[in-house]
Amino acid sequence: MGRAQKIKNRIKNSSFFGGAYLIIVGAFVKVLQLFIRPNEKQILFISYSGRQYSDTPKEAYNMLRTDPAFKDYELVWALNKPNIYVQPELGRKISSNSPTFFYHLLKSKYWVANSSIDRLIPFSHKRHIYIQFWHGVPMKTLGHAEIGLSRLVQYWYDHVQFDFMFTYGDYDLEKFKEVFPKTKRFVEHGQLRKNIVTRYQKNITPVRVKYQLGIKSEKPILLYVPTFRGYQAREQTTLTQATLEKLSETYTVIYRGHYFSEGVKKGRIITADNYSLYKLFMITDILITDFSSVFFDFAVYGKKIFLFQPDFNEYHVRRGVYLDAKKDLGLPVAYSETELMDLLEADNYDYQVLADISQQYNPHDGDEAATALKNILMHLS
């Protein structure tokens, strides 16, 4: 974890520092608002609070930069470490860790994000349009339902004002109404990130993805995506190195950790923490995760999903979930490594469960969200 992230965590998790940050930076932003007028044709994009160039904001950026209707728009990316992103399509980049970030934020009429773009300072923005594409169907509790949430983050949930928030379907719409009570309008047309699937299928081959990852074996590919706990767990939370090595005898195992987690760094396991999740989906035969909502997006592929939850009881008490994957969704869940091995070896997988999940929780086509976003930007919504 970098020094900047440690400082952010210190501020976020301390009532004193969090309160001071909210007052000082909030006042700073209000002063800036007196002098900065937004560019009516400037859009600022940020993904996972600046940690990545990825997900729905990236899909929105790529869609708009190639659309003649937006050729005269200034498209700006905010990144914690802008210098490490050298993709040829990236134009203007600014640092989201710099004090000048708020200047660029206020200079942009439109904000496109999949988490916080305002650095947890939920200030009034009457001259700006805040467009929120959340980064997944909520499986874990959020806002007041989340156990042990810091006061600063809770304050942001309670007071942030999204002008438009896109939802997958009826389920997350109801949850987000509770979590983000000051949202002005919910856009019930699905998530633009669904178009990442179709774009990659058109432009990228599985052979190319395997080549980039150095995969030469013909063994089935198992993608392991554990989530971040956010607390010091007393129980086992992830697959052990020994089990991952055992799985690698039968599968090509790819480990992709949460951006806060430490990845696997040894053995025959391929680590892909900074690799596109959707490119990994293209070549994956089996997904294993735990309490992450990633399986909602993977379910559209109709390929096997297993959940490994050895800390089921502790996680429910210390973090909280909205859905029990086994009872509510019908997904196969293992509570020990032995159980997981048995599930993997069984030959009775119920693929209908995956279709049902997609239909109930992720029913909309990505083009619906694309049209809705363009309408918002062109003041047609």
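This one's a predicted model, so the numbers in the text were calculated from it and none came from an experiment.
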### Task
Could you tell me the separation between the CE atom of M165 and the OH atom of Y130, rounded to the nearest 0.5 Å?
9.5 Å
### Message
When you measure from the side chain of R127 to the backbone of P38, do you find a donor-acceptor pair of N or O atoms at a distance under 3.5 Å?
### Response
no
### Query
Would you say Y110's side chain and L377's backbone share a donor-acceptor pair under 3.5 angstrom?
yes
### Message
Measuring from atom CD1 of I24 to atom CZ of F17, what distance do you get when rounded to the nearest 0.5 angstrom?
### Response
10.5 Å
### Query
Within the distance-only criterion (no hydrogens, no angle test), does the side chain of K279 pair as donor or acceptor with the backbone N or O of I204 below 3.5 angstrom?
no
### Task
Check whether any side-chain heavy atom of F296 lies under 4.5 Å from a side-chain heavy atom of L329, and answer yes or no.
yes
### Task
Flag the pair L239 / L247 as yes when at least one side-chain heavy-atom distance between them is below 4.5 Å, and no otherwise.
yes
### Message
When you compare the side chain of L354 with that of L331, does any pair of heavy atoms fall below 4.5 Å?
### Response
yes
### Pair Q360-D356, side-chain donor/acceptor within less than 3.5 Å
no
### Query
In terms of hydrophobic clustering (I, L, V, M, F, W, Y; side-chain heavy atoms under 4.5 Å; direct or indirect links), are Y351 and F295 co-clustered?
yes
### Query
When hydrophobic residues are tied together by side-chain contacts of less than 4.5 Å, even through go-betweens, does L90 share a cluster with I84?
yes
### Query
More than 12 non-hydrogen atoms from neighbouring residues, nucleotides or ligands closer than 6.0 Å to OH on Y211, yes or no?
no
### Task
Indicate the ring-plane relationship of F102 and F28, choosing parallel, tilted or perpendicular according to the 30° and 60° boundaries.
perpendicular
### S96 vs I46 side-chain heavy atoms within contact, under 4.5 Å
yes
### Intermediate values then yes/no, side-chain contact (heavy atoms from CB on, under 4.5 Å), L105 and L32
CA-CA 10 Å; L105 182 66; L32 286 179; over 6 Å; no
### Query
Among the clusters formed by ILVMFWY side chains lying less than 4.5 Å apart, do I23 and V153 turn up in the same one?
no
### Message
Could you measure the distance from the OG atom of S108 to the NE2 atom of H125? Nearest 0.5 Å is fine.
### Response
13.0 Å
### Query
Does NZ in K303 sit with more than 12 non-hydrogen atoms of other residues, nucleotides or ligands closer than 6.0 Å?
yes
### Query
What pairs of residues pass the side chain to side chain donor-acceptor pair (under 3.5 Å) test when at least one of them lies in residues 282-294, not counting sequence neighbours?
R229-D290
### Message
Using only atom types and a distance under 3.5 Å, with no angle test, would you say the side chain of T198 pairs donor to acceptor with the backbone of N195?
### Response
yes
### Message
Any non-hydrogen side-chain atom of W134 less than 4.5 Å from a side-chain atom of L142?
### Response
yes
### Query
Does CD in Q87 sit with more than 12 non-hydrogen atoms of other residues, nucleotides or ligands closer than 6.0 Å?
yes
### Task
May I ask you to decide whether E89 forms a salt bridge with R65, counting only side-chain N to carboxylate O separations under 4.0 Å?
no
### Query
In terms of the angle between their ring planes, are H364 and H189 parallel, tilted or perpendicular, with boundaries placed at 30° and 60°?
perpendicular
### Message
Would you say T227 and K140 are linked by a side-chain donor-acceptor pair, where the criterion is simply a distance under 3.5 Å?
### Response
yes
### Query
Are L75 and M378 connected in a single hydrophobic cluster, I mean Ile/Leu/Val/Met/Phe/Trp/Tyr linked by side-chain heavy atoms less than 4.5 Å apart?
yes
### Query
Side chains of V209 and Y200: does their closest heavy-atom pair fall under 4.5 Å?
no
### Message
Classify the ring geometry of H316 against F291: parallel below 30°, tilted from 30° to 60°, perpendicular beyond 60°.
### Response
perpendicular
### Task
In sequence, state the C-alpha distance, the side-chain angles, and the governing distance for E245 and I269, and then conclude on side-chain contact (heavy atoms from CB on, under 4.5 Å).
CA-CA 7 Å; E245 292 290 342; I269 315 305; 4.1 Å; yes
## Note on the structure
dist L213:CG -> I221:CD1 (nearest 0.5 Å) comes out at 8.0 Å
### Query
Within a radius of less than 6.0 Å around CD of Q359, do more than 12 heavy atoms belonging to other residues, nucleotides or ligands occur?
no
## Note on the structure
The ring-ring contact (aromatic ring centres under 6.0 Å, His included) partners of Y301 (sequence neighbours excluded) come to F281, F298
### Query
Is there a donor-acceptor contact under 3.5 Å from the side chain of T141 to the main chain of R319?
yes
### side-chain contact (heavy atoms from CB on, under 4.5 Å), paired with K194, selected from D367, D365, N362
N362
### Query
Do the side-chain N and O atoms of R199 and Y278 include a donor-acceptor pair separated by under 3.5 angstrom?
no
### Message
Using only atom types and a distance under 3.5 Å, with no angle test, would you say the side chain of S98 pairs donor to acceptor with the backbone of S95?
### Response
no
### Query
Strictly by modelled atom types, are D118 and W156 linked by a side-chain donor-acceptor pair under 3.5 Å?
yes
### Message
Please check this pair: side chain of T240 against backbone of T243, looking for a donor-acceptor N/O pair closer than 3.5 Å.
### Response
yes
### Message
Would you call the rings of Y157 and F180 parallel, tilted or perpendicular, taking 30° and 60° as the class edges?
### Response
tilted
### Exam field: side chain Y361 to backbone D172, donor-acceptor pair closer than 3.5 Å
no
### Message
I'd like to know if the side chain of R318 reaches the main chain of G230, judged simply by a donor and an acceptor atom lying under 3.5 Å from each other, with no hydrogens or angles considered.
### Response
no
### Message
Tell me if the centroids of the rings in Y349 and F306 come within less than 6.0 Å of each other.
### Response
yes
### Message
Enumerate the salt bridge (charged side-chain N to carboxylate O under 4.0 Å, His left out) contacts for residues 36-49, please, sequence neighbours excluded, ordered by first and then second residue.
### Response
E40-K109, K41-D72
### Task
Taking the six-membered ring for Trp and the single ring otherwise, decide whether the centroids of Y85 and W77 are under 6.0 Å apart.
no
### Query
Using a distance-only test with no angle check, is there a side-chain donor-acceptor pair under 3.5 angstrom linking D158 and H144?
yes
### Task
Report yes or no: does K93 contribute a side-chain atom to a donor-acceptor pair with the main-chain N or O of P82 at less than 3.5 Å?
yes
### Message
Determine whether L106 and F123 satisfy the following criterion, side-chain contact (heavy atoms from CB on, under 4.5 Å), listing intermediate values before the conclusion.
### Response
CA-CA 11 Å; L106 295 176; F123 58 89; 3.9 Å; yes
### Stepwise side-chain contact (heavy atoms from CB on, under 4.5 Å) check, L373 with M63
CA-CA 10 Å; L373 175 60; M63 179 185 73; 3.8 Å; yes
### Query
With the threshold set at 4.0 Å, does a side-chain nitrogen-carboxylate oxygen contact exist between K175 and E178?
no
### Message
Measuring only between side-chain heavy atoms, which start at C-beta, is E74 closer than 4.5 Å to K107?
### Response
no
### Query
Would you say the side-chain atoms of Y73 and D67 include a donor-acceptor pair closer than 3.5 Å?
no
### Query
Quick one: does R51's side chain get under 4.5 Å of N274's, heavy atoms only?
no
### Task
Drop me the distance from L192's CG to K58's NZ, to the nearest 0.5 angstrom.
13.0 Å
### Task
State the CG-CG distance between L287 and L277, to the nearest 0.5 angstrom.
8.5 Å
